[in-house]
Structures are given as C-alpha cells and as structure tokens.
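The structure displayed is predicted, hence computed values, not measured ones. Residue indices begin at 1 and follow the sequence shown.
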Amino acid sequence: MPARHVSLNDLEHVITNMCKNHVKAPLPESLKVSYLFGMNDTLIKSDTRLKEDVWTNLPVKGAFYMMTRNEDLMKARMTMKSIEERFNSKLNSTYPWIFLNNQPFTPEFKRFIKRTATNPDQVYFGHIDLDAWNYPPWIDGVRSQALFSSFRDVVTPRVSRPSYGNYLRYQSGLFFYHPLFDDVDYVWRVDAGSTYHCEMFMDDPFVTMQTNNKSIGFALTEKATSEVTLFSLWPVTNHFMGLYPHLIEPSDDSVFSWLMNNNNEYNYCQISTSFEIVNLSFLRSEEYKTLFYYLDLVGGFFYER
C-alpha cells in the first residue's frame with residue numbers, strides 16, 4: 001500500500017484531538033497564533049511582548065535566548081557577562097536578551113541579570129506555557145522518567161534528569177511560539193554556563209547569517225555519547241523521509257552525507273547546541289514543523305535522548 005502524505009494541518013488536527021481533554025476552554029484564534037497548546041499567564045508577572053523600539057539602530061532582528069532556572073543564576077550571569085563584554089556592549093545598540101523558565105523567575109534573578117546587561121531595558125523574562133512544557137497526553141510520564149533515570153551510566157547527569165525530555169521537546173519545536181519571539185528573525189541560543197573567549201564585534205554573527213542567507217550557525221559537531229540513548233531516531237527519520245519525500249532536499253544539497261558512514265548507516269553525528277544561531281523562518285517552515293510534529297507524536301523526545 002503506498003504511503004499517504006499527511007499535511008501539516010492533518011498533524012495539527014491529530015494533536016488538537018489528543019489534547020482536547022486537557023484544554024479547559026476553547027482557545028481564541030489570536031492565542032492559537034502564538035502558542036501550540038494554549039497559555040494562561042494572567043497569574044504570573046512575566047514579559048509577553050518586546051518593546052516597540054527594541055530594534056532601533058540594530059541591523060538585524062536578532063535576540064539572545066536562554067532557557068534557564070532560578071538556581072542557575074550564577075551560571076547565567078557568567079555566560080551573559082562574557083557575551084556582553086565581547087560582543088553586545090561594543091555595538092551602537094544592544095541586541096535584546098530573552099530568558100524563559102518553566103517556573104516564575106524570582107525578583108533576585110531578574111535584578112542580578114539586569115545588572116549584568118549593558119542595557120537593562122533590553123532584557124525580557126518570559127514564562128513557558130505549561131501545556132507546552134508538560135507531558136503531552138500521548139506520553140507515558142512514568143515510563144519516560146524511568147528511561148531517563150536509566151541513562152545515568154551512559155550520559156551526563158543533566159541528560160539523565162527526568163525533565164530533560166521536556167527540555168528537548170520545547171527547545172526543538174515549541175519555544176518560538178512564545179509571543180516574545182513574534183517579531184524576532186534570528187535567535188542566538190545560549191546555554192547557562194557556557195563562556196565566550198573571542199572578541200566578536202568586528203563581524204556581527206547575526207548580520208553574517210542574514211547576509212549569507214543561512215538557516216543555522218553552529219560551532220561544534222560531535223558523536224552521540226551512546227547509541228543506547230538514540231535507538232529509534234534513525235529508523236523513525238527514514239520512515240519520515242519515505243512518507244514525505246517532497247519535503248526532503250537532495251543529499252548533494254544538504255548535510256546528509258555528514259550523517260552517514262561507509263555502510264550507509266547513521267554515524268551518530270550531532271550538532272552541539274551550546275552555541276547555535278537559528279533563522280526562525282526555518283523553524284517556522286512547513287518542512288521543519290512537519291518533522292517536529294512527526295517526531296513528537298512518535299514520542300522520541302521523552303523515551304530517548
């Protein structure tokens with residue numbers, strides 16, 4: 001039986017049906033544009049929109065983005081300080097910072113982060129929609145937690161945390177639905193605890209991305225630490241390519257050859273996202289969102305690394 005092409009609208013309809021028992025009330029159309037699963041932020045004092053003058057004197061609508069926790073304040077300040085000193089403070093106008101957390105940021109966190117910024121008015125603190133962060137209804141949360149706990153012997157402690165699956169899923173395909181990103185074209189994703197040692201202001205990476213029409217910029221690729229934690233990714237990806245051949249770029253025009261060994265098998269190469277600049281038009285494209293929805297429904301974000 002030939003494979004049936006499923007449209008992006010079909011996938012969204014499937015997810016909507018799966019979530020219908022978990023949504024308290026129908027979402028207004030204006031909210032559906034910004035969020036995949038819905039949002040109730042009325043009880044949490046957080047930022048939801050960038051200021052109107054946020055892009056004044058900036059050549060690109062680019063923003064630094066860090067998902068972090070209150071307890072990682074010192075790491076977040078260290079990372080922010082290194083970027084401010086070596087890049088952002090050298091510009092005529094500073095690029096904004098967007099911080100997201102699945103818990104409300106504390107007043108202390110906000111105060112010390114703003115003190116670290118060159119321009120405190122260019123710092124925003126958003127709250128992650130819990131419907132997008134928590135386990136979707138088709139995921140067995142107990143199984144997920146047990147699997148991630150079992151990874152402790154083969155991966156870093158951070159990866160073995162039960163919440164790491166939620167983190168992977170949100171970072172892979174949900175963060176840009178937050179309304180703080182509605183008017184952002186490029187995101188420089190920053191991990192709390194990473195440091196930047198080189199002066200970067202001579203060649204603005206955001207401008208480089210835009211000028212050269214690049215979708216993703218990264219600094220490091222590495223081999224996955226263990227095949228045990230990625231057991232279904234390649235078979236599932238192959239199945240996706242069979243279902244949606246019209247969405248797949250020719251191998252000669254993509255990074256596909258980097259991912260294969262001499263036996264035409266996945267070589268477990270992956271991009272380290274500690275440093276990553278992404279064109280959000282790529283993440284918002286039908287091709288990318290279709291792949292994300294497919295991987296999400298299969299459940300790999302919660303059942304393997």
Practice problem: Taking the side chain as every heavy atom from C-beta outward, state whether Thr79 and Thr68 have any atom pair closer than 4.5 Å. | Solution: no
Quiz prompt | CH2-CE distance between Trp234 and Met260, expressed to the nearest 0.5 angstrom | solution = 4.0 Å
Quiz item: Is Asn267 close to Trp258 at the side-chain level, that is, under 4.5 Å between some pair of heavy atoms?
Solution: no
Self-check item: Within residues 94-114 or reaching into it, pairs that qualify as salt bridge (Lys or Arg N to Asp or Glu O under 4.0 Å) - sequence neighbours excluded
Solution: none
Exercise. For the pair Trp188 and Phe206, name the ring-plane relationship: parallel under 30°, tilted 30 to 60°, perpendicular over 60°.
Key: perpendicular
Quiz item: Do the side chains of Leu58 and Gln122 get nearer than 4.5 Å, heavy atoms only?
Solution: yes
Quiz item: Do the rings of Tyr266 and Tyr268 sit parallel, tilted or perpendicular, given the 30° and 60° boundaries?
Solution: tilted
Quiz item: Between Phe87 and Tyr196, is the ring centre distance below 6.0 Å?
Solution: no
Practice problem: Keeping the roles fixed (side chain from Arg189, backbone from Met67), state whether a donor-acceptor pair exists under 3.5 Å. | Solution: no
Quiz prompt | side chain to side chain donor-acceptor pair (under 3.5 Å) partners for Asp185, two or more places apart | solution = none
Exercise. Indicate yes or no: at least one non-hydrogen side-chain atom of Phe109 is less than 4.5 angstrom from one of Asn101.
Key: no
Quiz item: Taking the six-membered ring for Trp, are Phe301 and Phe292 parallel (under 30°), tilted (30 to 60°) or perpendicular (over 60°)?
Solution: tilted
Quiz item: Taking only residues two or more places apart in sequence, or in another chain, which ones meet Lys214 in a salt bridge (charged side-chain N to carboxylate O under 4.0 Å, His left out)?
Solution: none
Quiz item: With Phe218, which residues qualify under ring-ring contact (aromatic ring centres under 6.0 Å, His included), at least two apart?
Solution: none
Quiz item: With a 4.0 Å cut-off, would you call Arg49 and Asp182 a salt bridge?
Solution: yes
Quiz prompt | Set of side chain to side chain contact (heavy atoms under 4.5 Å, CB included) partners for Val298, sequence neighbours left out | solution = Val236, Tyr294
Quiz item: If we only count heavy atoms from C-beta on, is the Val278 to Leu283 side-chain gap below 4.5 Å?
Solution: yes
Exercise. Heavy atoms only: give me the nearest Lys289-Arg284 pair and the separation to one decimal.
Key: CE-O, 3.3 Å
Practice problem: Find the distance between CZ (Arg169) and CG (Asp296) and round it off to the nearest 0.5 Å. | Solution: 4.0 Å
Quiz item: Under 4.5 Å between any side-chain heavy atoms of Phe175 and Val187, yes or no?
Solution: yes
Quiz item: Are any non-hydrogen side-chain atoms of Ser144 and Tyr303 less than 4.5 angstrom apart?
Solution: yes
Practice problem: Take the angle between the ring planes of Phe181 and His178 and call it parallel below 30°, perpendicular above 60°, tilted in between. | Solution: perpendicular
Quiz item: So, does Asn70 use its side chain to make a donor-acceptor pair with the main chain of Thr106 at under 3.5 Å?
Solution: yes
Quiz item: Given side chains that start at C-beta, do those of Phe240 and Thr290 come closer than 4.5 Å, heavy atoms only?
Solution: yes
Practice problem: List for me each residue that meets side chain to side chain donor-acceptor pair (under 3.5 Å) alongside Ser281, sequence neighbours excluded, and say none if there are none. | Solution: Asn279
Quiz item: When you look at Phe125 and Phe99, which way does the ring-ring contact (aromatic ring centres under 6.0 Å, His included) test go after all the steps?
Solution: CA-CA 5 Å; Phe125 301 95; Phe99 291 85; 5.6 Å; yes
